[in-house]
Amino acid sequence: MTTVNRQVRLAKRPIGRPDDSTWEIASEPIPDPSDGEFTVQVDYASLDPAMRGWLDDVKSYVPPVQIGEVMRAHAVGRVVASRNRQFPEGQLVSGQFGIQEFAVSDGRGALVVDETLAPAPTWLGALGFPGMTAYFGLTDVGKLEKGDVVLISGAAGAVGSIAGQIAKLKGATVIGIAGGREKCAWLTEELGFDAAIDYKAGPVGRALRAAAPDGIDIYFDNVGGEILDAALGRLRKNARVALCGAISGYNATDPQPGPSRYLSLLVNRASMTGFIVFDYLDRFAEGMEAMSDWIRSGDIVTREQVESGGVEAFGRTLTMLFDGANTGKLVLKISDN
């Protein structure tokens, strides 16, 4: 086995879109675990839009990644050395291991991965933070009820694709917004969405009026910008907007304008609430149980787009998120094992 641990570290903070100069590949000896720790060989890493926000030196829900630090990431890997009885050698685990080939953990925040339920990449998607984001964003923030009309932007992504399926299972009418004919076909033909709007094909507002002539009860927002405005224009009385993300503006160099149709919230006695999945850590067992049952029964379809190339491919793979080049959960294969 190699004795070198290759890592992706933040070289400088990007202005706008991250590029090759944002990152550096560093090497150091594979770390040995101390008492209560274990060393994991990272197999797969989760790539998420939120990573872009972690690069800016601004106050947020988590501290920014510091210059010279290993890039933060949720990952799955196998324990190769252990001094922690809960995580023996050979065990597959998930945790905040970062974009590197090996990591040391004391077990806090780490979970045992059950490969009999789903393959490792699924534990970074439907059974990871994206799945829990979809679950709690709909059930708690969106207060999903049977018969609701639910609109989801970024619907072909890791969170949106799961959110739409949960809404259907709960008896809602579901409309997804995605980029491209192929993604829209996937939503309706494989995932069971009632309708899909291709934002690349024409004005979203016009398409939304046709798809939801009587308005919407829940808008699950992953993109912000003009699509958020279009959704606000279709709210029903007592509608709920769950603000999950705003990927349309993540690489912007100027402050992004707020929604121009915000008075729709007043007129319709609606609510717009931002949420972070980390707020629900103490309830993950609830979400994991529900998601596991749905995956086991086949009611939830999962899709992971696994890109190869190891740590060197991290930078170019991350930008796929901002180009809309992924369908489902984007995962980077780190190890060749």
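Note that the numbering runs from 1 along the sequence shown for the chain.
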Taking atom types as modelled, find out whether [X] and [Y] have a side-chain donor-acceptor pair closer than 3.5 angstrom.
{"X": "Gln305", "Y": "Glu307", "answer": "yes"}
{"X": "Asn84", "Y": "Ser82", "answer": "no"}
{"X": "Trp294", "Y": "Tyr135", "answer": "no"}
{"X": "Glu37", "Y": "Ser105", "answer": "no"}
{"X": "Lys329", "Y": "Ser46", "answer": "yes"}
{"X": "Gln100", "Y": "Asn5", "answer": "yes"}
{"X": "Tyr219", "Y": "Ser153", "answer": "yes"}

For residues [X] and [Y], report the shortest heavy-atom separation together with the two atoms involved.
{"X": "Leu332", "Y": "Phe314", "result": "CD2-CA, 3.8 Å"}
{"X": "Lys143", "Y": "Asp148", "result": "O-OD2, 4.1 Å"}
{"X": "Leu138", "Y": "Ala167", "result": "CD1-N, 4.0 Å"}
{"X": "Ile216", "Y": "Ala231", "result": "CD1-O, 3.8 Å"}

salt_bridge([X], [Y]) N-O dist < 4.0 Å:
{"X": "Arg83", "Y": "Asp32", "value": "no"}
{"X": "Arg52", "Y": "Asp48", "value": "no"}
{"X": "Asp229", "Y": "Arg261", "value": "no"}
{"X": "Asp217", "Y": "Arg234", "value": "no"}
{"X": "Glu101", "Y": "Arg6", "value": "yes"}
{"X": "Lys183", "Y": "Asp198", "value": "no"}

I would like to know whether Phe129 and Phe278 meet ring-ring contact (aromatic ring centres under 6.0 Å, His included); could you show each step before the answer?
-> CA-CA 9 Å; Phe129 287 126; Phe278 300 141; 5.2 Å; yes

In Å and rounded to the nearest 0.5 Å, what is the [atom1] to [atom2] distance from [X] to [Y]?
{"X": "Cys184", "Y": "Phe193", "atom1": "SG", "atom2": "CZ", "answer": "10.0 Å"}
{"X": "Gln41", "Y": "Ile30", "atom1": "CD", "atom2": "CD1", "answer": "7.5 Å"}
{"X": "Asp221", "Y": "Ile247", "atom1": "CG", "atom2": "CD1", "answer": "11.5 Å"}
{"X": "Leu243", "Y": "Ile276", "atom1": "CG", "atom2": "CD1", "answer": "10.0 Å"}
{"X": "Gln7", "Y": "Ile99", "atom1": "CD", "atom2": "CD1", "answer": "11.0 Å"}
{"X": "Ser271", "Y": "Leu235", "atom1": "OG", "atom2": "CG", "answer": "9.5 Å"}

Dump the intermediate steps for salt bridge (Lys or Arg N to Asp or Glu O under 4.0 Å) on Arg9 and Glu28, then the final yes or no.
-> CA-CA 12 Å; Arg9 297 182 181 179; Glu28 63 177 29; 3.1 Å; yes

So, does [X] use its side chain to make a donor-acceptor pair with the main chain of [Y] at under 3.5 Å?
{"X": "Ser161", "Y": "Gly157", "answer": "yes"}
{"X": "Ser94", "Y": "Val76", "answer": "no"}
{"X": "Gln256", "Y": "Ala252", "answer": "no"}
{"X": "Arg283", "Y": "Leu281", "answer": "no"}
{"X": "Tyr250", "Y": "Ala246", "answer": "yes"}
{"X": "Trp123", "Y": "Ala118", "answer": "yes"}

Does Arg181 count as lying over the ring of Trp186, i.e. NZ or CZ under 6.0 Å from the six-ring centre, within 45 degrees of the axis?
-> no

Would you sort out whether Asp106 and Arg108 count as a salt bridge (Lys or Arg N to Asp or Glu O under 4.0 Å), showing the intermediate values?
-> CA-CA 6 Å; Asp106 61 6; Arg108 286 181 291 183; 2.7 Å; yes

Stepwise salt bridge (Lys or Arg N to Asp or Glu O under 4.0 Å) check, Arg209 with Asp214 = CA-CA 8 Å; Arg209 287 193 294 272; Asp214 297 321; over 6 Å; no

Ring pair (Phe, Tyr, Trp, His ring centres under 6.0 Å) partners for Tyr280, two or more places apart = Phe136

The single option from Asn326, Leu124, Leu47 that satisfies side-chain contact (heavy atoms from CB on, under 4.5 Å) with Val331 is Leu124

Does some side-chain heavy atom of Val62 sit less than 4.5 Å from a side-chain heavy atom of Trp54?
-> yes

Neighbour count above 12 (heavy atom, 6.0 Å) for Asp323 CG | yes

Pair listing, salt bridge (charged side-chain N to carboxylate O under 4.0 Å, His left out) test, anchored in residues 159-174, at least two apart = Lys168-Asp194

Glu24 meets the salt bridge (Lys or Arg N to Asp or Glu O under 4.0 Å) criterion, sequence neighbours left out, with none

